[in-house]
Number of protein chains: 2
Amino acid sequence: MNAQPLLNYINKQISLTEGEESFLISKVNHRKYLKGQYIVQQGDICKHECFIISGCTKTFYVDDSGQEHIVMFAIEDWWTSDMGSYITQTPADFNVQCLENTELIQFSYNDKEELYIEIPKLERFFRKIIEKALAASQKRIIKNFSLPAKERYLNFKELYPTIEQRIPQYMVASYLGITKEFLSKIKSQLILEQ
Amino acid sequence: MNAQPLLNYINKQISLTEGEESFLISKVNHRKYLKGQYIVQQGDICKHECFIISGCTKTFYVDDSGQEHIVMFAIEDWWTSDMGSYITQTPADFNVQCLENTELIQFSYNDKEELYIEIPKLERFFRKIIEKALAASQKRIIKNFSLPAKERYLNFKELYPTIEQRIPQYMVASYLGITKEFLSKIKSQLILEQ
DNA sequence: AAATAATGTTAATCTAGTTTAACATTTATT
DNA sequence: AATAAATGTTAAACTAGATTAACATTATTT
């Protein structure tokens with residue numbers, strides 16, 4: 001199993017002994033998904049939190065009128081799951097689908113809790129990751145409300161500098177909460193401006 | 001110090017020994033704020049995470065054009081802070097202001113980390129709280145995008161059933177991301193409908 | 001009880017973003 | 001290379017929600 005990217009990621013913040021590393025690895029699964037496959041489906045219970053080794057995913061929600069709303073993208077070294085479903089083990093609100101062939105490492109709920117008990121500094125490490133994710137999520141809320149679509153698009157390009165090249169534009173529009181037609185208009189305006 | 005509401009809140013999920021309870025209490029401050037006072041100000045570094053014993057707060061952000069955007073409210077048994085500022089100890093994006101006289105218990109960053117080291121089950125407890133907050137924040141993002149203002153208002157009333165009576169309506173509008181005039185219109189429509 | 005400040009309502013006008021629809025371009029499939 | 005499928009663009013008509021402004025109601029202060 002190629003767990004090295006995960007270990008590198010963790011060792012940037014804390015240091016694990018060899019024993020801890022192998023215990024960690026014994027508790028996770030390595031998996032490959034093809035482009036288009038679903039990691040989580042709306043209505044299912046989300047069994048895993050996933051660390052992406054390579055590839056790209058989108059997390060989205062289909063509303064009652066059938067419209068798709070993208071909540072986030074994730075690429076190498078990012079985490080993805082439906083947090084609400086994962087922590088309460090209730091049906092997911094979101095879908096997580098692969099936009100490219102994707103290789104990742106899965107943490108099941110129970111194995112992760114065991115890991116935390118065995119290696120407390122891992123619990124600290126994950127707590128801090130979630131704190132950061134919460135702070136980012138709150139910032140996104142205010143940006144959605146206080147900024148017009150053009151500014152949100154510019155922010156998106158800053159936050160996800162490499163992703164825009166990897167995904168179709170209509171998904172960017174969905175992430176921004178606007179139609180693809182309007183994003184097209186914004187982009188042509190931006191070209192005229194400079 | 002009246003820490004009983006905090007202990008009750010914690011003991012709903014985990015059980016602390018008397019020694020742990022008194023260690024916990026030795027690490028926190030009890031404080032009272034008057035209506036109108038600020039717990040955190042945009043630009044300052046957020047020093048504490050706060051558990052509310054009584055009262056009510058709003059967390060808001062003032063944008064470049066001077067407009068106020070409310071991110072959340074908090075009442076008895078809820079937590080409040082600027083998470084982004086607190087965890088990174090960098091200037092806050094948000095203000096937290098008391099809408100009523102408010103009594104709360106403050107956790108400083110360093111004392112909280114000490115608590116976690118001394119009482120690991122508290123770290124687990126807080127991790128789970130943050131996971132829930134993150135899940136709620138993600139749900140709010142999709143609801144903002146996928147629902148029209150009228151639905152968001154109905155959702156607000158479900159999420160904060162007691163708060164609507166305690167705060168002025170223009171703050172509800174700010175939380176919903178609409179003007180007070182438009183909320184007024186929505187409310188009169190809802191009255192006509194039933 | 002007045003007077004003032006804070007909050008809430010209504011209606012007209014305006015605008016950011018949607019919808020629809022037709023067409024253009026790029027990518028994948030045979 | 002040809003065709004089909006997926007993605008992107010443009011423009012006209014439309015709508016949810018903003019803005020402005022005048023007025024109504026409710027709290028607060030004197």
Side-chain angles (χ1 to χ4, degrees), chain A residues 34-37 56 58 60 62-70 73 97-101 141-157 163-193, chain B residues 34-37 56 58 60 62-70 73 97-101 141-157 163-193:
Chain A
L34 295 174
K35 178 173 175 173
Q37 286 188 316
C56 180
K58 65 172 174 180
F60 66 101
V62 179
D63 70 23
D64 295 339
S65 72
Q67 258 226 299
E68 182 175 317
H69 302 271
I70 296 179
F73 299 103
Q97 189 183 17
C98 298
L99 300 177
E100 301 171 359
N101 293 341
I141 290 175
I142 51 160
K143 283 183 176 166
N144 286 352
F145 272 148
S146 63
L147 299 177
K150 191 195 278 186
E151 305 299 319
R152 299 204 305 271
Y153 172 58
L154 295 172
N155 277 326
F156 164 81
K157 294 187 22 148
I163 291 188
E164 199 181 4
Q165 336 306 327
R166 290 165 73 170
I167 60 176
Q169 189 169 307
Y170 67 83
M171 290 190 190
V172 177
S174 169
Y175 175 85
L176 296 174
I178 58 178
T179 58
K180 61 189 185 355
E181 291 84 356
F182 193 56
L183 178 54
S184 205
K185 203 172 182 178
I186 287 172
K187 288 182 82 170
S188 61
Q189 271 174 27
L190 285 170
I191 289 164
L192 288 178
E193 275 171 24
Chain B
L34 295 174
K35 179 173 175 173
Q37 287 188 316
C56 179
K58 66 172 174 179
F60 66 101
V62 178
D63 70 22
D64 295 339
S65 71
Q67 258 227 297
E68 182 175 317
H69 302 271
I70 296 179
F73 299 103
Q97 188 182 18
C98 297
L99 301 177
E100 300 172 359
N101 293 340
I141 289 175
I142 52 160
K143 284 184 175 165
N144 286 353
F145 272 148
S146 63
L147 299 177
K150 191 195 277 185
E151 305 299 319
R152 298 204 305 270
Y153 172 59
L154 295 172
N155 277 327
F156 165 80
K157 292 184 27 145
I163 291 188
E164 199 181 5
Q165 336 306 326
R166 291 165 71 169
I167 60 175
Q169 189 168 308
Y170 66 83
M171 290 189 190
V172 178
S174 169
Y175 175 86
L176 296 174
I178 57 178
T179 58
K180 61 188 184 352
E181 291 84 357
F182 193 58
L183 178 54
S184 203
K185 202 171 182 178
I186 286 172
K187 288 182 82 169
S188 63
Q189 271 174 26
L190 285 170
I191 289 165
L192 288 177
E193 276 172 24

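Numbers restart at 1 for each chain; the letters A, B, ... are given by sequence-line order, proteins then strands. Only heavy atoms go into these numbers, but all of them, side chains included; no hydrogens, no water, no symmetry mates.
- Under 4.0 angstrom from either OP1 or OP2 of dA18(D) there lies no side-chain N or O belonging to Gln67(B).
- Listed nucleotides dT10(C), dG17(C), dT10(D) differ in distance to Phe182(A); the shortest reach to its side chain belongs to dG17(C).
- Nucleotides of DNA chain C nearest to Tyr170(B) and Lys185(B) differ in position, and the one nearer the 5' end is that of Tyr170(B).
- Using a 4.5 Å heavy-atom threshold, the side chains of Leu176(A) and Ile186(A) count as separate.
- Considering only side-chain N and O atoms, Thr179(A) lies under 4.0 angstrom from the phosphate OP1 or OP2 of dT18(C).
- Nearest nucleotide to the Ile178(A) side chain, out of dT10(D), dG17(D), dT18(C): dT18(C).
- Using a 4.5 Å heavy-atom threshold, the side chains of Lys150(B) and Leu190(B) count as touching.
- With no hydrogens or angles considered, a side-chain donor-acceptor pair links Tyr153(A) and Glu164(A) at under 3.5 Å.
- Distances from the side chain of Ser184(B) to the nucleotides dT9(C), dT18(C), dT10(D) place dT9(C) closest.
- For the pair Leu154(A) and Leu147(A), the minimum side-chain heavy-atom distance is 4.5 Å or more.
- Side-chain contact between Asp63(B) and His69(B) is present, with at least one heavy-atom pair separated by less than 4.5 Å.
- Out of dT7(C), dG8(D), dT20(D), the shortest distance to the side chain of Gln169(A) is found at dG8(D).
- Residues from residues 146-156 of chain A with heavy atoms under 4.0 angstrom of DNA chain D: there are none.
- Between the CD atom of Glu181(B) and the C1' atom of dC14(C) there is a distance of 14 Å, given to the nearest Å.
- When the options Tyr170(A), Phe60(A), Phe73(A) are evaluated for a ring-ring contact (aromatic ring centres under 6.0 Å, His included) with Tyr175(A), the one that passes is Phe73(A).
- At whole-Å resolution of the value, CD1 in Ile167(B) and P in dA27(D) are 16 Å apart.
- Heavy-atom distances to DNA chain D give each of Ile186(B) and Lys35(B) a nearest nucleotide, and the one nearer the 5′ end belongs to Ile186(B).
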